[in-house]
Amino acid sequence: MIKTKLTQMLGLRYPILQGGMAWVATPELVAAVSESGAFGILGTGHLNSEDSLKAIREVKKLTSRPFGVNVMLQSIYAQDIVRVILEEKPTMVTTGAGNPSSFVPALKDKGILVFPVISSVALAIRLQRTGVDGVIAEGRESGGHVGKTATLPFIPQVVDAVSLPVVAAGGIADGRGFVAALSLGAAGIQMGTRFICTKESKVHQSYKEAIIKAGDLSTIVTGESIAHPVRVIRNKLANKFMELEKKNASIEELEEIGVGSLRRAVLDGDIEGGSVMSGEIAGLIKDIPYVSELLLRLEEEALSIISSLKDQVEV
């Protein structure tokens with residue numbers, strides 16, 4: 001077993017978090033991850049407070065293990081969802097797309113751990129002062145909304161800047177990435193794209209196959225021109241988006257073609273007209289295992305690598 005501050009804090013077998021992806025991180029996937037010894041996180045970015053309450057309670061029916069809830073701070077329902085969370089008291093809250101400082105005291109008062117997703121060292125330092133319990137440092141290789149710095153240089157800078165447990169995210173899908181993150185000082189990892197391609201994931205089969213067929217150059221980042229960068233697998237929608245950006249299209253024009261695009265991909269399997277969000281790591285993903293099989297494989301790969309390094313390095 002690999003024991004870290006994260007496994008001790010959350011009572012886990014594996015120091016692995018499953019990203020709280022909108023439309024993807026459903027109660028079924030969350031429960032499967034938590035039941036298997038890692039940490040499932042419910043995605044609420046597409047939900048209102050009422051639907052978030054139903055989803056949280058569904059997770060509780062499916063597992064008695066610890067789990068978290070992700071709050072997308074740009075959602076118009078964010079405040080109402082936090083109120084639901086304060087009542088339901090999941091083990092942890094993760095946040096994205098903003099600064100959660102205003103919510104931290106209330107969450108902490110209820111004994112809920114807070115792990116914001118951050119994309120800069122400055123934000124990590126600022127949030128440490130608010131009393132968060134850890135940070136999820138996400139590199140630009142990740143799928144969906146991305147920052148500016150790659151994972152490899154970003155993680156050690158965050159580790160050096162704060163005294164909190166740091167979870168590494170972005171570009172991790174196997175034991176090699178797992179060990180690399182630990183060697184950079186991370187207390188664990190968060191994976192998103194890799195969990196999309198599992199049997200318990202309710203994502204449309206066509207979406208999963210698009211990831212499996214992807215290569216190292218299959219993803220691109222759209223939305224840079226409007227300061228809303230999103231990494232997706234290149235398709236007709238992404239190409240159209242990029243063409244409009246080159247023509248300096250307005251935010252309204254770009255938002256119009258993006259509305260509902262993730263839902264179309266995830267639920268309907270529209271892999272040309274939908275937004276197929278995926279990390280650069282897609283090129284390494286070649287199968288669709290059960291969650292429990294995936295986690296065991298990651299652990300075995302990581303331990304094997306650690307063992308082989310001991311044999312290769314003279315001290």
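Bear in mind that the values here come from a model prediction, so they are computed numbers and not experimental data. Only heavy atoms go into these numbers, but all of them, side chains included; no hydrogens, no water, no symmetry mates. All residue numbers in this chain count up from 1 along the given sequence.
Note on E224 versus R140: salt bridge recorded, some NZ/NE/NH1/NH2 to OD/OE distance being below 4.0 Å. Here R263 does not pair with D270 in a salt bridge; the nearest charged N to carboxylate O distance is not below 4.0 Å. A salt bridge does not link E301 to R176: none of the charged side-chain nitrogens sits closer than 4.0 Å to a carboxylate oxygen.
Side chains of P66 and F39 form a contact here, defined as non-hydrogen atoms less than 4.5 Å apart. You'll find the side chain of V132 reaches within 4.5 Å of the side chain of L164, heavy atoms only. At least one side-chain heavy atom of L294 sits under 4.5 Å from a side-chain heavy atom of F195. When side chains are defined from C-beta on, P27 counts as touching L42, because their heavy atoms get closer than 4.5 Å. A heavy-atom distance below 4.5 Å is not found between the side chains of Y77 and L47. Between F67 and T91, the closest side-chain pair of non-hydrogen atoms is not below 4.5 Å. You'll find the side chain of R297 reaches within 4.5 Å of the side chain of P289, heavy atoms only. With a 4.5 Å cut-off on side-chain heavy atoms, R13 and L296 count as touching.
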Practice prompt. Walk me through it: do E299 and M1 pass the test side-chain contact (heavy atoms from CB on, under 4.5 Å)?
Written response: CA-CA 7 Å; E299 181 185 61; M1 290 177 64; 4.0 Å; yes

- Message: Could you walk me through whether I288 and Q205 satisfy the side-chain contact (heavy atoms from CB on, under 4.5 Å) test, starting with their C-alpha distance in whole Å, then the side-chain angles of each, then the deciding distance to 0.1 Å, before giving a yes or no?
- Response: CA-CA 10 Å; I288 304 175; Q205 185 67 19; 3.6 Å; yes

> After noting the C-alpha distance and the side-chain angles of H204 and L267, does the key distance pass the side-chain contact (heavy atoms from CB on, under 4.5 Å) rule?
Replying inline: CA-CA 6 Å; H204 197 284; L267 298 188; over 6 Å; no

request  = Show the numbers, then the answer: is there a side-chain contact (heavy atoms from CB on, under 4.5 Å) between R234 and T219?
outcome  = CA-CA 6 Å; R234 184 188 286 273; T219 69; over 6 Å; no

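S307 places no side-chain N or O within donor-acceptor distance of the main-chain N or O of L303, the cut-off being under 3.5 Å. Checking side-chain atoms of E272 against main-chain N and O of K236 turns up a donor-acceptor pair under 3.5 Å. Of the possible polar contacts, none joining the S75 side chain to the G45 backbone as a donor-acceptor pair under 3.5 Å is found. At least one donor-acceptor pair closer than 3.5 Å links the side chain of D174 to the backbone N or O of G177. The backbone N or O of T4 sits less than 3.5 Å from a side-chain atom of T7, completing a donor-acceptor pair. With hydrogens and angles disregarded, a donor-acceptor distance shorter than 3.5 Å links the side chain of K208 to the backbone of T198. Using a distance-only test at 3.5 Å, with no hydrogens or angles considered, no donor-acceptor pair links the side chain of S119 to the main chain of G147. Side chain of S142 to backbone of E138: no donor-acceptor contact under 3.5 angstrom is found. A donor-acceptor contact shorter than 3.5 Å links the side chain of R65 to the backbone of G11. Between the side chain of E200 and the backbone N or O of V291, at least one donor-acceptor pair lies under 3.5 Å.
In this structure, A97 and L73 approach most closely via the heavy-atom pair O-CB, 3.6 Å. Taking both residues in full, the closest heavy atoms of V166 and A137 are given as CG1-CB, 4.0 Å, listed atom of the first, atom of the second, then distance. Between L262 and S275, the shortest heavy-atom contact is CD1-O, 3.5 Å. Contact record, L12 with G37: CB-O, 3.5 Å, taken as the closest heavy-atom pair. Minimum interatomic distance between G171 and I281 (heavy atoms only, all atoms of both residues): O-CD1, 3.3 Å. For the pair A186 and V159, the tightest heavy-atom approach, listed with the atom from each and the gap, is N-CG2, 4.2 Å.
In this structure, K108 places its NZ atom where more than 12 heavy-atom neighbours from other residues, nucleotides or ligands lie under 6.0 Å away. Dense packing is recorded around CD of E209, with more than 12 heavy atoms of other residues, nucleotides or ligands lying under 6.0 Å away. In the displayed structure, K247 atom NZ is contacted under 6.0 Å by at most 12 heavy atoms of other residues, nucleotides or ligands.
Annotation: the span from L29 atom CG to K199 atom NZ amounts to 14.0 Å, rounded to 0.5 Å. The CD1 atom of I211 lies 9.0 Å from the CZ atom of R194; values are rounded to the nearest 0.5 Å. With rounding to the nearest 0.5 angstrom, the CD1 atom of I56 is 5.5 Å from the CD1 atom of I85. Rounded to the nearest 0.5 angstrom, F178 CZ and M191 CE are separated by 8.5 Å. Note that CG of N70 is 8.0 Å distant from CD of Q190, once rounded to the nearest 0.5 Å. Going from atom CZ of R57 over to atom NZ of K60 covers 7.0 Å, rounded to the nearest 0.5 Å.
The cluster map of Ile, Leu, Val, Met, Phe, Trp and Tyr, joined by side-chain heavy atoms under 4.5 Å apart, puts L127 and V121 in the same cluster. Under the 4.5 Å side-chain heavy-atom criterion for ILVMFWY residues, a single connected hydrophobic cluster contains both V167 and M92. Placement of I251 and L237 within a single hydrophobic cluster is found when ILVMFWY residues are connected by side-chain heavy-atom separations under 4.5 Å, directly or transitively. Cluster membership for V230 and I196, using ILVMFWY side-chain heavy atoms within less than 4.5 angstrom, is shared. Hydrophobic cluster membership is shared by V135 and L184, with clusters built from Ile, Leu, Val, Met, Phe, Trp and Tyr side chains linked at under 4.5 angstrom.
Residue pairs meeting the ring pair (Phe, Tyr, Trp, His ring centres under 6.0 Å) criterion with at least one member in residues 102-157, sequence neighbours excluded, are H145-H228.
For the residue pair T63 and E35, a side-chain donor N or O sits within less than 3.5 Å of a side-chain acceptor on the partner. There is a side-chain donor-acceptor pair under 3.5 Å between E141 and T151. Side-chain atoms of T222 and E245 include no donor-acceptor pair closer than 3.5 Å.
Exactly one residue among I16, I172, V179 makes a side chain to side chain contact (heavy atoms under 4.5 Å, CB included) with L298. That residue is I16.
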